[in-house]
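Just below is one structure, and these are the notes that go with it.
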Amino acid sequence: MSPSVSELNRYLRQIRELYGDALILERTGEKRVNHHGSATGDLFEGDGEHSWEQAESLDELYERIRTCRKCPLCETRTNFVFGTGSPHAGVVLIGEAPGAEEDLQGEPFVGRAGQLLNKILGAIGFRRDEVYICNILKCRPPNNRDPLPSEVEKCEPYLHRQLDLIRPRIILALGRIAAQTLLRTTDSLTVLRAGRHSYRGIPLVVTYHPAALLRNPGWKRPTWEDVQRFRSLYDGLCAGDTV
Ligand code: URA
Ligand code: URA
């Protein structure tokens with residue numbers, strides 16, 4: 001026998017009592033991937049709003065925010081693209097937002113730009129799995145348009161928590177938009193590449209976006225120079241360590 005409307009109403013009110021208005025039903029067809037790119041178990045139902053701020057590991061943080069609905073990008077995403085790599089990385093690379101391939105696979109920088117990024121990393125002696133790679137926005141903006149300030153405002157706190165948990169020594173910002181957004185500036189990429197910056201107390205270096213290098217191969221040489229400098233800075237920061 002099917003329930004009456006008033007029974008359904010009472011049931012829904014109980015659910016709201018228990019879980020609040022934030023109860024989200026997962027869209028069907030959404031792929032479940034963790035930030036290592038493998039399938040995860042059952043949907044995490046959430047501990048209520050803001051509990052992600054207390055997450056004590058990247059895995060826990062991911063489980064708590066992967067169903068985020070704070071901005072309209074949740075309506076058009078295929079996957080929430082959290083980040084990938086070592087949770088203890090000394091180096092974090094930050095891009096702008098997932099593109100089409102990243103949205104499909106649930107992992108940042110897996111398209112053509114990502115393959116070039118892997119080569120750039122290799123050129124300075126880093127494997128992709130020993131650094132950490134993520135974006136400012138975790139969901140793909142339609143047609144890869146630039147992130148809106150309102151989207152950055154909602155999403156950047158997730159990046160802050162990731163950095164608090166990873167505690168890297170240095171950050172590489174990929175491209176003009178990522179750098180300008182993180183550093184709250186309208187300075188040109190040329191100016192930003194030449195400077196030394198910091199983000200949340202962490203030294204930050206700026207270079208070209210790998211997708212920009214695909215369009216303008218002439219920018220590869222200066223990128224190589226940027227990342228060599230980045231590697232030296234990183235080595236210098238590690239030099240004081242006791243073995
Ligand atoms: N461009 C970005 O900024 N990030 C990605 O993850 C892929 C492309
Ligand atoms: N424009 C960008 O957005 N990024 C680059 O790296 C270069 C030009």
Side-chain angles (χ1 to χ4, degrees), residues 30-31 33-38 58 61-62 65-66 68 71 73-74 76-87 89 91-122 126-149 151-156 158-160 162-163 166 168 171-185 188-189 192-193 197 199 204-217 219-220 223 226-227 230:
E30 188 159 0
K31 237 191 355 170
V33 288
N34 63 22
H35 55 274
H36 308 296
S38 49
L58 288 176
L61 178 63
Y62 172 68
I65 65 178
R66 55 184 284 277
C68 178
C71 89
L73 297 182
C74 70
T76 48
R77 72 172 174 230
T78 310
N79 280 296
F80 183 93
V81 182
F82 179 73
T84 188
S86 166
V91 167
V92 170
L93 277 59
I94 306 178
E96 178 182 327
E101 197 57 38
E102 290 75 24
D103 173 61
L104 285 176
Q105 295 192 35
E107 184 174 330
F109 288 100
V110 288
R112 277 182 72 217
Q115 278 157 32
L116 181 52
L117 182 61
N118 293 345
K119 282 198 209 165
I120 294 169
L121 283 171
F126 287 125
R127 287 188 329 269
R128 183 178 165 96
D129 63 2
E130 67 183 317
V131 302
Y132 193 84
I133 306 175
C134 60
N135 288 298
I136 301 171
L137 293 193
K138 309 307 192 207
C139 299
R140 182 193 182 205
N143 305 313
N144 302 336
R145 63 155 169 72
D146 291 349
L148 300 174
E151 293 159 356
V152 173
E153 189 195 324
K154 298 266 171 34
C155 212
E156 198 178 14
Y158 295 153
L159 174 63
H160 294 168
Q162 285 175 301
L163 293 173
I166 299 168
I171 294 170
L172 185 64
L174 299 169
R176 179 177 63 84
I177 302 291
Q180 289 179 338
T181 304
L182 292 172
L183 299 173
R184 303 288 190 274
T185 177
S188 71
L189 188 70
L192 291 171
R193 285 179 46 237
H197 315 274
Y199 180 69
L204 181 148
V205 170
V206 177
T207 192
Y208 288 98
H209 194 288
L213 303 183
L214 293 171
R215 294 189 298 269
N216 302 278
W219 290 344
K220 284 187 183 176
T223 300
D226 292 344
V227 295
F230 175 77

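When a ligand or atom number is given, it counts from 1 through the structure's own listing order.
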Hey, is K138 close enough to E151 for a salt bridge, meaning N to O under 4.0 Å?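 So K138 does not pair with E151 through a salt bridge.
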Is it the side chain (CB and beyond), the backbone, both or neither of E102 that lies under 4.0 Å from ligand 1, heavy atoms counted?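 The part of E102 near ligand 1 is the side chain, not the backbone.
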Can you tell me which portion of A113 lies within the under-4.0 Å heavy-atom range of ligand 1? Options are side chain, backbone, both, or neither.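 A113 to ligand 1: no contact under 4.0 Å from either part.
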Measure from the side-chain N and O atoms of D103 to the backbone N and O of R140, and report whether any donor-acceptor pair falls under 3.5 Å.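 Looks like no, no N/O pair under 3.5 Å.
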Backbone or side-chain N or O of F109 under 3.5 Å from ligand 1 N or O: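 N/O-N/O distance under 3.5 Å: yes.
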I need the nearest protein heavy-atom contact for atom 2 (C) of ligand 1: residue, atom name and distance, please.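 Sorting protein heavy atoms by distance from atom 2 (C) of ligand 1 puts A97 O, 3.1 Å first.
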Among all protein non-hydrogen atoms, which one is nearest to atom 4 (N) of ligand 1, and what is the separation to 0.1 Å?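 Going atom by atom, the protein heavy atom closest to atom 4 (N) of ligand 1 ends up being N135 OD1, 2.7 Å.
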Any residue meeting side chain to side chain donor-acceptor pair (under 3.5 Å) with N118, in chain and number order, not counting sequence neighbours: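 Counting only residues at least two positions away or on another chain, N118 forms a side chain to side chain donor-acceptor pair (under 3.5 Å) with R128.
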Applying the side chain to side chain contact (heavy atoms under 4.5 Å, CB included) test to L137, which of C139, P141, C134 qualifies?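 Result: among C139, P141, C134, P141 is the only option passing the side chain to side chain contact (heavy atoms under 4.5 Å, CB included) with L137.
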Partners of E156 by salt bridge (charged side-chain N to carboxylate O under 4.0 Å, His left out), sequence neighbours excluded?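 E156 satisfies salt bridge (charged side-chain N to carboxylate O under 4.0 Å, His left out) with R184 once adjacent residues are dropped.
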Ligand-residue contact atoms, ligand 1 with P108, heavy atoms, under 4.0 Å: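 Listed by number with element: 6 (O).
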Numbering the atoms of ligand 1 from 1, which are under 4.0 Å from a heavy atom of H209?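 Reading through ligand 1 atom by atom, the close ones are 1 (N), 2 (C), 3 (O).
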Write down the atom of R193, the atom of T207, and the distance for their closest heavy-atom approach.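 Smallest heavy-atom distance, with atoms named: CG-CA, 4.1 Å.
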